Amino acid sequence: MKCILLTRLLLFSVISLLSSAALKAQTREAVDVQIWPRGEVTLTSGEVLTGVVTYYRSQDIITVSLADNTLSSLSPVNVDKFEVSNTYSNRRHLFKSLYWDQGDEHTDFKKPTFFEQILEGNITLLMRESYNKRIVDSHLASMMENRTTDPLGYPIQGIYYDQIKPLFYVMNPAGEIKVIQQNRKDFLFYCGKKASLIKSFVRKNGLNFDQPSDFIAIVNYYNTL
């Protein structure tokens with residue numbers, strides 16, 4: 001009897017710890033809805049809000065759940081930047097509201113849009129997510145649980161039938177934002193006369209433009225030239 005009771009107590013403790021850890025880790029309630037347990041949002045007014053941040057990526061809206069249980073819903077028009085992180089991870093995400101032409105180079109109209117800032121330098125590397133539907137066998141899906149990763153390769157909780165891919169952008173010092181549809185082709189074109197140095201760096205280090213972590217390293221190297 002004591003053994004059964006001890007086993008139940010241990011099981012309850014493990015479940016409690018796992019539940020606590022889940023609450024303190026970033027999660028997704030949908031493929032394009034991401035939740036961080038702690039965040040700091042700086043408004044265009046200069047006011048700073050802290051609390052649980054939920055990012056509705058497709059709608060480009062965030063909500064902030066404050067300590068007094070009030071909920072603020074904010075668009076890029078109201079936000080200067082927001083920074084979020086996990087309790088059990090040193091990785092921090094910095095998002096900025098930047099004026100962007102939505103990919104239409106033939107217009108002068110730009111509106112505030114959220115971008116995740118990956119690198120800052122002569123070229124600032126930005127990222128937004130893109131989504132593609134995937135058909136995953138239900139048995140395979142169960143095996144993939146807890147192995148799902150975000151676009152930059154970091155583990156996240158959940159099982160998805162959608163493929164999440166990073167879509168990179170580069171911003172020059174003047175604030176002009178260009179989308180990188182094909183990492184190798186578009187970035188080398190953007191590099192101009194420095195393209196040969198980039199190619200040499202990639203070959204020497206065995207890097208792949210289509211691997212997000214490698215591409216970040218390539219852009220970082222460009223910023224040192």
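Values below: every heavy atom of this structure, side chains too, minus hydrogens, waters and symmetry copies. In this text the structure is predicted, and so the values were computed from the model without any measurement.
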Quiz item: Does the ring-ring contact (aromatic ring centres under 6.0 Å, His included) test come out yes or no for Phe187 and Phe168, once each step is laid out?
Solution: CA-CA 10 Å; Phe187 187 67; Phe168 289 107; 9.9 Å; no
Self-check item: Check: Glu120 side chain, Ile118 main-chain N or O, donor-acceptor pair, under 3.5 Å
Solution: no
Practice problem: Could you tell me whether the side chain of Asp214 and the main chain of Phe209 form a donor-acceptor pair under 3.5 Å? | Solution: no
Quiz prompt | Single-linkage hydrophobic cluster Leu98~Ile61, side-chain heavy atoms < 4.5 angstrom | solution = no
Exercise. Can you see which heavy atom on Ser85 is nearest to which on Pro37, and at what distance?
Key: O-CD, 3.7 Å
Quiz item: Are the side chains of Thr124 and Val170 in touch, meaning some heavy atoms are under 4.5 Å apart?
Solution: no
Quiz item: With distance as the sole test, does Asn220 use its side chain to make a donor-acceptor pair with the main-chain N or O of Ile216 at under 3.5 Å?
Solution: no
Practice problem: Using a 4.5 Å cut-off on heavy atoms from C-beta on, say whether the side chain of Leu74 contacts that of Val41. | Solution: yes
Exercise. Answer yes if the side chains of Thr50 and Arg38 hold a donor-acceptor pair under 3.5 Å, and no otherwise.
Key: no
Exercise. Give a yes or no on whether Ile62 and Leu66 share a hydrophobic cluster (residues Ile, Leu, Val, Met, Phe, Trp, Tyr; joining criterion: side-chain heavy atoms under 4.5 Å apart).
Key: yes
Quiz item: Could Lys194 and Tyr222 be counted as a cation-pi pair, given that NZ or CZ must be under 6.0 Å from the ring centre and within 45° of the axis?
Solution: yes
Quiz prompt | Spacing of OH belonging to Tyr169 relative to CD1 belonging to Ile177, to within rounding of 0.5 Å | solution = 9.0 Å
Quiz prompt | Short side-chain to backbone donor-acceptor contact, Asp60 and Thr113, under 3.5 Å | solution = no
Practice problem: Would you indicate whether the side-chain heavy atoms of Leu167 and Gln181 approach each other to under 4.5 Å? | Solution: yes
Quiz prompt | side-chain hydrogen bond (donor to acceptor under 3.5 Å, both in side chains) partners of residues 67-83, not counting sequence neighbours, each pair once | solution = Asp68-Thr70, Ser75-Asn78, Glu83-Arg92
Quiz prompt | Within-4.5 Å side-chain heavy-atom neighbours: Leu207 and Phe215 | solution = no
Self-check item: Value rounded to 0.5 Å, distance of CG in Leu94 from CD in Glu40
Solution: 10.5 Å
Quiz item: In terms of the angle between their ring planes, are Phe82 and Phe114 parallel, tilted or perpendicular, with boundaries placed at 30° and 60°?
Solution: perpendicular
Quiz item: Linking I/L/V/M/F/W/Y whenever any side-chain heavy atoms sit under 4.5 Å apart, do Met127 and Val179 land together?
Solution: no
Practice problem: Using a 4.5 Å cut-off on heavy atoms from C-beta on, say whether the side chain of Arg57 contacts that of Tyr131. | Solution: yes
Quiz item: Under 3.5 Å, is there a donor-acceptor pair between the Gln182 and Asp186 side chains?
Solution: no
Quiz item: Out of curiosity, Gln102 CD to Phe109 CZ, how far, rounded to the nearest 0.5 Å?
Solution: 7.5 Å
Quiz item: Does Arg128 make a cation-pi contact with Phe115 (under 6.0 Å, within 45 degrees of the axis)?
Solution: yes
Quiz prompt | Distance in Å, Ile218 CD1 paired with Gln211 CD, rounded so as to fall on 0.5 Å steps | solution = 10.0 Å
Quiz prompt | Side chain to side chain, His93 and Trp36, heavy atoms closer than 4.5 Å | solution = yes
Quiz item: Heavy-atom distance under 4.5 Å between the side chains of Val52 and Ile35, does that happen here?
Solution: yes
Self-check item: Donor-acceptor under 3.5 Å (Thr107 side chain, Asp104 main chain)
Solution: no
Quiz item: Roughly how far, to the nearest 0.5 Å, is CD of Glu116 from CZ of Phe95?
Solution: 4.0 Å
Quiz prompt | Backbone of Gly51 reached by a side-chain donor or acceptor of Ser65 within 3.5 Å | solution = no
Practice problem: Consider only side-chain heavy atoms of I, L, V, M, F, W and Y, link residues closer than 4.5 Å, and tell whether Leu197 and Leu119 are in one cluster. | Solution: yes
Practice problem: Report yes or no: do Leu188 and Tyr221 belong to one cluster of Ile/Leu/Val/Met/Phe/Trp/Tyr joined by side chain heavy-atom distances under 4.5 Å? | Solution: yes
Exercise. Check whether any side-chain heavy atom of Leu71 lies under 4.5 Å from a side-chain heavy atom of Val64, and answer yes or no.
Key: no
Quiz item: Are any side-chain N or O atoms of Asn208 and backbone N or O atoms of Asp210, one a donor and one an acceptor, separated by less than 3.5 Å?
Solution: yes
Quiz prompt | Trace of the side chain to side chain contact (heavy atoms under 4.5 Å, CB included) decision for Asn172 with Lys178 | solution = CA-CA 9 Å; Asn172 64 21; Lys178 302 289 184 183; over 6 Å; no
Quiz item: Roughly how far apart are Met171 CE and Ile123 CD1, rounded to 0.5 Å?
Solution: 11.0 Å
